[in-house]
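Below you'll find the structure, written out as structure tokens, and then a few comments.
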Amino acid sequence: MMLLRPRFLSPSPLSSSARRSPPPESSRISSSSSAVPRPPGRRRRRRPASKPPSPPPPLPHDLRRLTSRIVDLTRRRQLSQIMEEVDAARRRARGGGGGGVAGAGLNTIVMNAVLEACVRCGDVDLALRLFDEMRRPGGCGVDGVSYGVLLKGLGIARRIDDAFEILESIEKDTSVGSPRLSPHLICGFLNALIEAGDMRRANALVARFRQVLYEGHSVLLYNLLMKGYIKSNFPLGALTVKDEILRQGLKPDRLTYNTIISACVKSAEIDMAVRFLEDMKEEASRDNNPELLPDAVTYTTLLKGLGNSRDLYSVLKIVVEMKSAPISIDRTAYTAMVDALLACGSINGALCIFGEIIKQAGNNKDLRPKPHLYLSIMRAFATIGDLDMVKRLNKRMWPDSVGSISRLAKQEADELLMEAAINNNQIDMARGLLRRIVNEKECFCWTSRVGMVAVKVETLSGFTNSLLRPHVFPQVILNDPVEKYMIPFQETQPLHADLILEEVVMRFFKDPAVPIVDDWGSCVGIVHRQDCTKIDAPLLSMSRGPPLCVPTSTSVEHVIDLLLREKSEMVVVVKRGNMYEGSYTSSSRPLGAFSLAILWKLTADPSDNDGTGAAHHLQQDMETSNCG
């Protein structure tokens, strides 16, 4: 009979290999739980309680980097680059190799950033397609942030019906992801409506989801509605919202008062804005609430209104109060002080504030002025003809200002130098600056500030020294009737209105404008070369409507003004008494035509044999006039 030795009494000697390597953990656990008997009197040790579920793992490093990259590209409005990098990440995830996001896929956080990029870049259709992919089976899923971003995008794109359908599905709990209908979810859509100035739909949204929006009894909703009234044509409607705040037992905050003051300034109710400023300070003192005291935004908004009303005394009072108040005066606030003082005509006061900015900017780089401030002061000195100060400011604008100086700012600086020179009777210098401006600027409007200064320079220079090449018509008396200079209508070789452009396309390589006629020979329109955009369309569809028509007795001067004003190449001359610059009818047969091509020939000087030089210059000036 063989006796079995219990394992726990005297274990058999281990082999050399067993001594070197201990048994695996799983074998130790199984032997201790099943093979080893429990000694008498010892209770079995309880298993520890199950741990609570661990939080979801954080984003992998590559996904965090991808999300940060998407946010950075969104600021630069590079949506195509975002989609390329997202598609590349998806391909790596499907491939499962090479590190990166392989095997992890793109989660909801990353795709929400892509949705935000689509909304910021204005491509709501792409955002809708991505949203559908996210909520499909196998997608990364959607959450409340996804719905909020999509609602905001639909509001910006004015797709109100689609947004309301999504809100109703969330309210009925039939949407994918089961998002909760919260004020944060609705406020994005509401803000998009308010930014568009659509107060009718904004009020309808508030009335529809009033119970949800009033959760927490916050004044945020009312502040949004006030902003909407400011963007609409009735800014004083914000005052009714303030009355509603008081009826609800809520207390207006600083943003509420700032919005009301902005509404008063936009409505030119400056006295009312000042009263609200006093109410703001009085309520802050009564409730001992420093968070209600006016800040830099409050004073800046009020300064803008006081500057528009030319109230110098009140502007100086607000400036003194700002400097004595416990607020931080930033660059925007200082700029508002200077603009308000300049608007009131106090150039010395504006210079004092400007000197204070430059002095403090030595210790605080955030106070360095922008080019806008230099240009504002230069405008004031150019008006009074202080050429020396305009030169100094123009010279110091480059090293002392912060930010980039745009091409338009550089051009305006040169124009202000020219204005200061002409107001200081420095005609030669003004002519030199005008020559540089004409060479650099493609075109400008004669009614603009630089246009008026250029006219003054031309007047003082005389036509003999003109830089703008005024054209003289030696062969034309401007008071003569146009009948004297027109060509017969048949010489224009009109085309039939029903012809297809493809059949006569070579005609427009020769002539910039061609009249078209109907079956009865009446002119029904003029087709210009730049309007020929559809090769398979009839000519009538590309005309600009009824042709310009004048009677035979119209002066040449009036016809030239009409061509330049309407930016047309040709005018049709009809029999006297039929019409006068009216719409053409089939009962009025054309007698002739007058075009810019004829005008170019009339500019030829008798000394110019072929007249091509003057005609070429006039054609360039006509094109400049049309683009300006």
Side-chain angles (χ1 to χ4, degrees), residues 303-304 306-313 315-316 319 331-362 367-403 405-441 444-462 465 467:
L303 280 174
K304 180 180 179 181
L306 294 173
N308 293 336
S309 63
R310 307 291 192 273
D311 190 352
L312 179 59
Y313 174 77
V315 168
L316 294 175
V319 169
R331 177 172 53 212
T332 304
Y334 274 119
T335 304
M337 294 181 191
V338 174
D339 289 339
L341 290 170
L342 289 176
C344 296
S346 178
I347 300 179
N348 292 332
L351 276 182
C352 292
I353 300 296
F354 182 74
E356 184 178 345
I357 298 173
I358 298 299
K359 182 179 179 180
Q360 295 189 16
L367 291 179
R368 291 179 62 189
K370 289 190 174 183
H372 157 77
L373 190 59
Y374 283 90
L375 292 175
S376 298
I377 303 177
M378 288 170 66
R379 292 188 199 105
F381 282 108
T383 303
I384 62 176
D386 194 337
L387 181 60
D388 183 58
M389 281 299 299
V390 176
K391 283 183 177 180
R392 290 186 189 180
L393 291 168
N394 185 30
K395 182 179 179 181
R396 298 308 309 172
M397 180 175 68
W398 298 90
D400 292 346
S401 63
V402 66
I405 300 177
S406 64
R407 179 184 176 188
L408 294 177
K410 178 181 178 300
Q411 290 178 352
E412 186 179 1
D414 293 338
E415 294 164 4
L416 292 173
L417 276 173
M418 180 182 66
E419 182 179 353
I422 197 65
N423 289 334
N424 197 24
N425 296 323
Q426 302 288 335
I427 301 177
D428 293 336
M429 181 179 180
R431 291 185 69 253
L433 291 169
L434 180 60
R435 182 181 291 108
R436 185 168 67 182
I437 291 172
V438 170
N439 292 334
E440 295 179 356
K441 207 175 183 69
F444 55 82
C445 180
W446 287 108
T447 58
S448 63
R449 183 167 185 159
V450 60
M452 299 300 291
V453 175
V455 169
K456 190 173 181 180
V457 173
E458 285 286 287
T459 304
L460 296 176
S461 301
N465 297 323
L467 300 174

Reported CG-to-NZ distance for the pair L367 and K359, which is rounded to 0.5 angstrom: 13.5 Å

Exercise: identify the closest heavy-atom pair between I405 and K410: CG2-N, 4.4 Å

Test log, rule side-chain contact (heavy atoms from CB on, under 4.5 Å), inputs I384 and I347: CA-CA 11 Å; I384 62 176; I347 300 179; 4.1 Å; yes

Chi angles and distances behind the side-chain contact (heavy atoms from CB on, under 4.5 Å) call for M389, I377: CA-CA 9 Å; M389 281 299 299; I377 303 177; 5.8 Å; no

Spatial distance of atom CG (D386) from atom CE (M378) [nearest 0.5 Å]: 11.5 Å

Expected output: side-chain D414 to main-chain L433 donor-acceptor under 3.5 Å: no

Nearest heavy-atom neighbours spanning P369 and I358: CG-CD1, 3.9 Å

Smallest separation among heavy atoms of L312 and S346, with atom names: CD1-CB, 3.8 Å

Sub-4.5 Å side-chain heavy-atom contact between M429 and L387: yes

Rounded distance [0.5 Å steps], CD in E412 versus CG in L375: 5.0 Å

Working for side-chain contact (heavy atoms from CB on, under 4.5 Å), residues M337 and L303: CA-CA 7 Å; M337 294 181 191; L303 280 174; 3.8 Å; yes

Distance-minimising heavy-atom pair for C344 and G307: SG-CA, 4.3 Å

Main-chain N/O of E419 paired with N423 side-chain donor or acceptor, under 3.5 Å: yes

Check: I427 and R431 side chains under 4.5 Å, non-hydrogen atoms: yes

Note, L316 side chain near L341 side chain (heavy atom, < 4.5 Å): yes

Distance, nearest 0.5 Å, that separates CE of M397 from CG of L373: 11.5 Å

From OG1 (T332) to NZ (K370), nearest 0.5 Å: 7.0 Å

Donor-acceptor contact present, side-chain R310 to main-chain N308, <3.5 Å: yes

V453 side chain near E415 side chain, heavy-atom distance below 4.5 Å: no

Exercise: identify the closest heavy-atom pair between R396 and Y374: O-OH, 3.9 Å

Which atom of V338 lies closest to which atom of F354, heavy atoms considered: CG2-N, 4.3 Å

Test item: R379 and L342 side chains (from C-beta on) under 4.5 Å apart, heavy atoms: no

Euclidean distance, I353 CD1 relative to T335 OG1, rounded to 0.5 Å: 11.0 Å

V402 and R331: CA distance, side-chain angles, deciding distance, side-chain contact (heavy atoms from CB on, under 4.5 Å) verdict: CA-CA 11 Å; V402 66; R331 177 172 53 212; 3.2 Å; yes

